[in-house]
Amino acid sequence: MAGTPVQVTGTVLTTRRVDAYHALTVVAPGIADRFRPGHFVTVAVGGPQTSMLTRRAFAVHDVKSDYGGTVEFVFAVRGPGTAWLADRKARDALDMVGPLGRPFPLPRDPATCLLVGGEYGSAPLFALADALHQRNCRVDFVLGAASSDRVFGALRARRMGETTTLTTQDGSLGMRGSVVDVLPAVIADTRADVVYACGPMPMLRGVTAVCVEFDIPVQVSVEEAMACGIGVCMTCVVPVIGDDGATRMVRVCTEGPVFRGERVRFDDVGTIPFDALGAPGGDRGR
């Protein structure tokens, strides 16, 4: 059933370095069959005797029908869990759960879609681009990072997009600056109908602000630390404004990771706003 998560013991098919990042392709038919662009997986790390009990969450970069279904995810080494993953070899087993989360909503009619990615946050945008092309949508890319080795998917974006704009903070690739700096001009040039974005929280905040200024919808895939990935532990909550105008602390792993950008209270991420429903000292009468 599409979207219903399963737990599988996958077999590593390939491991590769992609500049500053690592990419693992895992044979995981049950997950690949249910995948939609924007879904993520969680992976157990450290082996059966490990003290690292929490899984690591990764956005799915690509799925293929090879070997009954493969799933590829991209990551940077940031701690012992991802360091262990980076050492995996072909034929190693990985305990995975997925697909998880709420995927990207797709336009009902053909539209001009601008896909914005920061660092390896751009990884899930390529499966999205495939899905948009199948709906006869135009796709343009804006990708950026601190330096050229941290821009993920530049060549593939150039193949898939009508236009591709690249930025780096140090000027080593494309334009000097951030994706937010170039976004107004790209929106105007492409006449984008909708923006999809994935990357670090400050980038998503800036992208959303630009889209609000241009009065175009923006869908953001939020990066937030997850411990369980299935809505139990409540470590990934962020303040989001609901259809009724009320702010609630919602779980990125289940209600997200994709949200309407203007609904996420980026300035209050990491806190419980006083006016959120159920907040200590807040308005309990709402």
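Residue indices begin at 1 and follow the sequence shown.
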(request) Taking R55 for its side chain and D95 for its backbone only, find out whether a donor-acceptor pair lies under 3.5 Å. (result) yes

(request) For the residue pair T54 and R56, confirm or rule out a side-chain donor-acceptor distance under 3.5 Å. (result) yes

(request) Locate the shortest heavy-atom distance separating E262 from I241; write the atom from each residue and the value. (result) O-CD1, 4.5 Å

(message) Under a 3.5 Å distance rule, please check whether Y196 uses its side chain to pair with a backbone N or O of A129 as donor and acceptor.
(response) no

(request) State, with a plain yes or no, whether a side-chain heavy atom of V43 is found less than 4.5 Å away from one of V97. (result) no

(message) For F152, is there any backbone N or O sitting under 3.5 Å from a side-chain donor or acceptor partner on S122?
(response) yes

(message) Closer than 4.0 angstrom, basic N to acidic O: yes or no for R138 and D193?
(response) no

(message) Checking T190 against D140: is there a side-chain donor and acceptor pair closer than 3.5 Å?
(response) no

(request) Could you note down all residue pairs passing ring-ring contact (aromatic ring centres under 6.0 Å, His included) where residues 201-226 supplies at least one of them, sequence neighbours left out? (result) none

(request) Would you indicate whether R17, at its atom CZ, is surrounded by more than 12 heavy atoms from other residues, nucleotides or ligands within a distance under 6.0 Å? (result) yes

(message) Less than 4.5 Å apart, side chain to side chain, heavy atoms only: is that true for P124 and H61?
(response) no

(message) Looking at every non-hydrogen atom in both residues, tell me the closest pair between A246 and D244 and how far apart they are.
(response) N-OD1, 3.0 Å

(message) Minimum heavy-atom separation for P37 and A127, please, with both atom names.
(response) CG-O, 3.6 Å

(request) Look at the side chain of R88 and the backbone N and O of V12, then say whether any donor-acceptor pair between them is shorter than 3.5 Å. (result) no

(request) Only pairs at least two apart or in different chains count here, so list each ring-ring contact (aromatic ring centres under 6.0 Å, His included) that has a residue in residues 11-33. (result) Y21-Y120, H22-F75

(message) Looking at every heavy atom in both V45 and T50, which two are closest together, and how far apart are they?
(response) O-CG2, 3.2 Å

(request) Would you confirm whether H39, through its side chain, and R36, through its main-chain N or O, come within 3.5 Å as a donor-acceptor pair? (result) yes

(request) Inspect the surroundings of CE in M201 and state if more than 12 heavy atoms from other residues, nucleotides or ligands are less than 6.0 Å away. (result) yes

(message) Side-chain heavy atoms under 4.5 Å apart, restricted to Ile/Leu/Val/Met/Phe/Trp/Tyr: what other residues fall into the cluster of Y67, or is it alone?
(response) L13, V27

(request) Decide, yes or no, whether a salt bridge links R176 with D181 under the criterion of side-chain N to carboxylate O below 4.0 Å. (result) no

(request) Determine, for R265 against D267, whether the closest basic-nitrogen to carboxylate-oxygen distance falls under 4.0 angstrom. (result) no

(request) Show your reasoning for whether side chain to side chain contact (heavy atoms under 4.5 Å, CB included) applies to L115 and L128. (result) CA-CA 9 Å; L115 278 52; L128 172 63; 4.1 Å; yes

(message) Quick one: does any side-chain atom of T168 pair with a main-chain N or O of S172 as donor and acceptor, under 3.5 Å?
(response) yes

(request) For R135, look at atom CZ and say whether over 12 heavy atoms of other residues, nucleotides or ligands are found less than 6.0 Å away. (result) yes

(request) Flag the pair T42 / L100 as yes when at least one side-chain heavy-atom distance between them is below 4.5 Å, and no otherwise. (result) yes

(message) Before you tell me yes or no, could you show the steps for E255 and R248 under side chain to side chain contact (heavy atoms under 4.5 Å, CB included), namely the whole-Å CA-CA distance, both residues' side-chain angles and the distance that decides it to 0.1 Å?
(response) CA-CA 11 Å; E255 283 86 3; R248 293 172 176 83; over 6 Å; no

(message) If we ignore hydrogens and angles and just use 3.5 Å, is the side chain of K64 paired with the main-chain N or O of D62 as donor and acceptor?
(response) no

(request) Write down the atom of M226, the atom of C236, and the distance for their closest heavy-atom approach. (result) CG-CB, 4.0 Å

(request) Check R251 against F259 and note the closest heavy-atom contact, atom names and distance. (result) O-CZ, 4.3 Å

(request) Group every Ile, Leu, Val, Met, Phe, Trp and Tyr by side-chain heavy-atom contacts under 4.5 Å, then state whether L125 and V182 land in the same group. (result) no

(request) Kindly check if the number of other-residue, nucleotide or ligand heavy atoms within 6.0 Å of CD1 (I216) is above 12? (result) yes

(message) Just verifying a value: how many Å separate I31 CD1 and F40 CZ, rounded to the nearest 0.5 Å?
(response) 11.5 Å

(message) I want to check something: taking the side chain as every heavy atom from C-beta on, are I272 and M249 in contact at a cut-off of under 4.5 Å?
(response) yes

